[in-house]
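Here's the structure we're looking at; comments come further down.
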Amino acid sequence: MTETVIACRSCGANDLTPVLSLGDTPLANALLSAEQLGEPEPTFPLELVLCTACSLVQITATVPAEQLFGEYLYFSSFSDTMLRHACTLVARVIAERKLDARNRVVEIASNDGYLLQYYHKAGIQVLGVEPARNIARVAQEKGIPTVCEFFGSEVASKLANDGMRADVIHAHNVLAHVSDLNGVVQGLATLLTPGGVAIVEAPYVKELIDRTEFDTIYHEHLCYFSLTALHSLFLRHGLTIVNVENVAIHGGTLRIYATPSADRIPVSNAVRKLLAEEETWGVSQPVSYRDFSENVKGIRSVFRSVLGDLKKKGRSVAAYGASAKGSTLLNYAG
């Protein structure tokens with residue numbers, strides 16, 4: 001049963017302003033078998049809105065997580081780029097935080113152990129939390145201890161009570177996928193040790209807007225984050241974002257480092273600078289997103305025109321692959 005949000009997923013405000021409508025669209029990663037091609041395919045509204053209270057950009061439809069992620073097709077280890085990204089980050093975190101066998105690292109939505117394997121090889125205790133049953137089995141077969149659950153405040157409390165608190169928690173490209181943002185961030189706060197750090201990566205909404213990356217919008221991605229939106233979300237749960245980096249992966253990603261506010265770690269100049277830049281840009285102002293909507297409509301028009309001209313000339317067009325982005329592009333273009 002799909003739910004439609006009428007209040008912000010983060011702050012609960014009702015100040016939701018439409019940004020872009022992509023129409024009714026099938027689930028991007030629900031690939032059909034040959035036998036299913038003749039059957040009606042379920043579609044769901046794909047509407048993008050802005051919360052002017054906390055600046056969170058989000059879609060309005062919530063497809064049940066079990067339907068999206070109970071069995072999942074994407075294995076992170078299939079991507080050489082993701083493996084290099086993970087290996088480089090792990091080596092850096094181990095060196096900077098002087099981690100050894102006394103420390104524990106937890107990853108939320110740990111997939112097939114693509115990142116935790118590098119900590120494991122370094123002799124550091126690891127634990128994955130992965131909701132997809134098929135993928136959790138693969139991680140366990142690799143020797144990565146994995147809890148098959150959707151992470152939230154309850155799961156975090158149980159793990160903490162079982163003595164599984166973490167010195168480092170990774171959450172890469174997962175925050176955008178969860179409907180209960182506050183439950184997940186509260187879970188991070190619960191599971192972190194004093195002096196610990198949560199390292200979170202999420203696609204950056206400014207890159208999406210500036211580069212008209214509308215094809216990254218699909219039902220798995222419920223939210224599109226600015227640092228401003230993340231800052232208020234994490235503070236609400238006793239976590240302070242002390243550093244931020246802009247990473248090139250996934251078309252532009254924010255990597256934030258959040259620590260318990262009680263640790264009183266100074267906030268970096270990078271955080272102050274980016275928050276100021278977003279305020280100047282107008283991160284919470286609907287007018288800042290107006291050109292984006294028009295640019296998307298323009299791309300659709302040009303795309304259809306090019307394909308129409310090729311068809312008139314009797315040309316054939318072939319597409320290779322089955323990316324989630326392709327689903328949004330093809331359905332929006334009709």
Practice prompt. Could you go through the side chain to side chain donor-acceptor pair (under 3.5 Å) check for Glu47 and Ser21 one step at a time?
Written response: CA-CA 5 Å; Glu47 311 287 335; Ser21 174; 2.9 Å; yes
Discussion item. I need the Leu27 CG to Ser327 OG distance, nearest 0.5 Å.
Written reply: 8.5 Å
Worksheet item: Quick one: does Gln58's side chain have a donor or acceptor within less than 3.5 Å of a partner on Arg9's backbone?
Response: yes
Discussion item. Main chain of Ser301, side chain of Ser305: is a donor-acceptor contact present, judged purely on distance under 3.5 Å?
Written reply: no
Response to the item:
Scanning both residues in full, the closest heavy-atom pair of Leu188 with Leu239 reads CB-CD1, 4.2 Å
Item to complete: Please name the residue in the list Tyr332, Phe292, Tyr289, Phe303 that meets the ring-ring contact (aromatic ring centres under 6.0 Å, His included) test with Phe214.
Response: Tyr332
Discussion item. Assess the residue pair Arg165 and Leu159 against the criterion (side-chain contact (heavy atoms from CB on, under 4.5 Å)); give the C-alpha distance rounded to whole Å, side-chain angles, the decisive distance to 0.1 Å, and a yes or no.
Written reply: CA-CA 7 Å; Arg165 294 180 77 184; Leu159 291 174; over 6 Å; no
Worksheet item: Under 3.5 Å, is there a donor-acceptor pair between the side chain of Glu294 and the main chain of Asp291?
Response: no
Practice prompt. Report yes if the distance between the aromatic ring centroids of Phe150 and His177 is under 6.0 Å, otherwise no.
Written response: no
Discussion item. Is it the case that the side chain of Glu278 and the backbone of Ser226 share a donor-acceptor pair, with hydrogens and angles ignored and the cut-off at 3.5 Å?
Written reply: no
Worksheet item: Would you call the rings of His170 and Tyr119 parallel, tilted or perpendicular, where under 30° means parallel and over 60° means perpendicular?
Response: tilted
Fill in: Donor-acceptor contact below 3.5 Å, side chain Lys142 vs main chain Asp112
yes
Worksheet item: Under a 4.5 Å cut-off applied to non-hydrogen side-chain atoms, are Asp100 and Asn103 in contact?
Response: yes
Worksheet item: Within a strict 4.5 Å, meaning less than it, do heavy atoms of the His219 and Asn29 side chains meet?
Response: no
Worksheet entry | Lys206/Glu213 salt bridge by N-O under 4.0 Å criterion | no
Practice prompt. Salt-bridge test for Lys158 and Asp162: reply yes if a basic N is under 4.0 Å from a carboxylate O, no otherwise.
Written response: yes
Item to complete: Would you mind reporting whether Ile241 and Val267 have side-chain heavy atoms less than 4.5 Å apart?
Response: no
Worksheet item: With a 4.5 Å limit on heavy-atom distance, are the side chains of Ile124 and Ile94 in contact?
Response: yes
Fill in: Trace of the side chain to side chain donor-acceptor pair (under 3.5 Å) decision for Arg137 with Asn134
CA-CA 5 Å; Arg137 283 194 297 271; Asn134 58 321; 5.7 Å; no
Item to complete: Could you tell me whether the side chain of Thr25 reaches within less than 4.5 Å of the side chain of Tyr218, counting heavy atoms only?
Response: no
Worksheet item: So which heavy atom on Cys8 is nearest to which on Cys11, and how close?
Response: SG-N, 3.5 Å
Worksheet item: Roughly how far, to the nearest 0.5 Å, is the SG atom of Cys54 from the NE2 atom of His231?
Response: 12.0 Å
Discussion item. Using 0.5 Å steps for rounding, measure from the CD atom of Glu141 to the CD1 atom of Ile144.
Written reply: 12.0 Å
Worksheet, complete the sentence: Heavy-atom nearest pair, Ala7 first then Gly12, reads CB-O, 3.5 Å
Discussion item. I'd like to check Asn111 versus Met82 (side-chain heavy atoms, cut-off strictly below 4.5 Å). Are they in contact?
Written reply: no
Worksheet item: Is the backbone of Gly282 close enough, under 3.5 Å, to the side chain of Ser288 for a donor and an acceptor to pair up by distance?
Response: yes
Worksheet item: Can the ring centroids of Tyr204 and Trp281 be said to lie less than 6.0 angstrom from one another?
Response: no
Item to complete: Determine whether Pro203 and Leu208 make a side-chain contact, defined as any pair of heavy atoms from C-beta on separated by less than 4.5 Å.
Response: no
Practice prompt. For the pair Glu107 and Tyr114, evaluate side chain to side chain donor-acceptor pair (under 3.5 Å) and give the outcome as yes or no after the intermediate values.
Written response: CA-CA 10 Å; Glu107 185 179 15; Tyr114 76 102; 3.0 Å; yes
Worksheet item: Hey, is the main chain of Ile217 close enough, under 3.5 Å, to the side chain of Thr328 for a donor-acceptor pair?
Response: yes
Item to complete: Please confirm whether the backbone N or O of Val287 pairs with a side-chain atom of Gln285, one donor and one acceptor, at under 3.5 Å?
Response: no
Discussion item. For Arg290, is there any backbone N or O sitting under 3.5 Å from a side-chain donor or acceptor partner on Ser293?
Written reply: no
Fill in: Considering all heavy atoms, the nearest Gly196-Asp263 contact
N-OD2, 4.2 Å
Worksheet item: Is it true that a side-chain atom of Arg104 and a backbone atom of Gln125 form a donor plus acceptor pair closer than 3.5 Å?
Response: no
Worksheet entry | Any side-chain heavy-atom pair of Ile59 and Phe44 under 4.5 Å | no
Discussion item. Looking at every heavy atom in both Ala270 and Asn243, which two are closest together, and how far apart are they?
Written reply: CB-OD1, 3.9 Å
Discussion item. Taking Arg97 first and then Asp167, would you say they form a salt bridge - that is, a charged N and a carboxylate O separated by under 4.0 Å?
Written reply: no
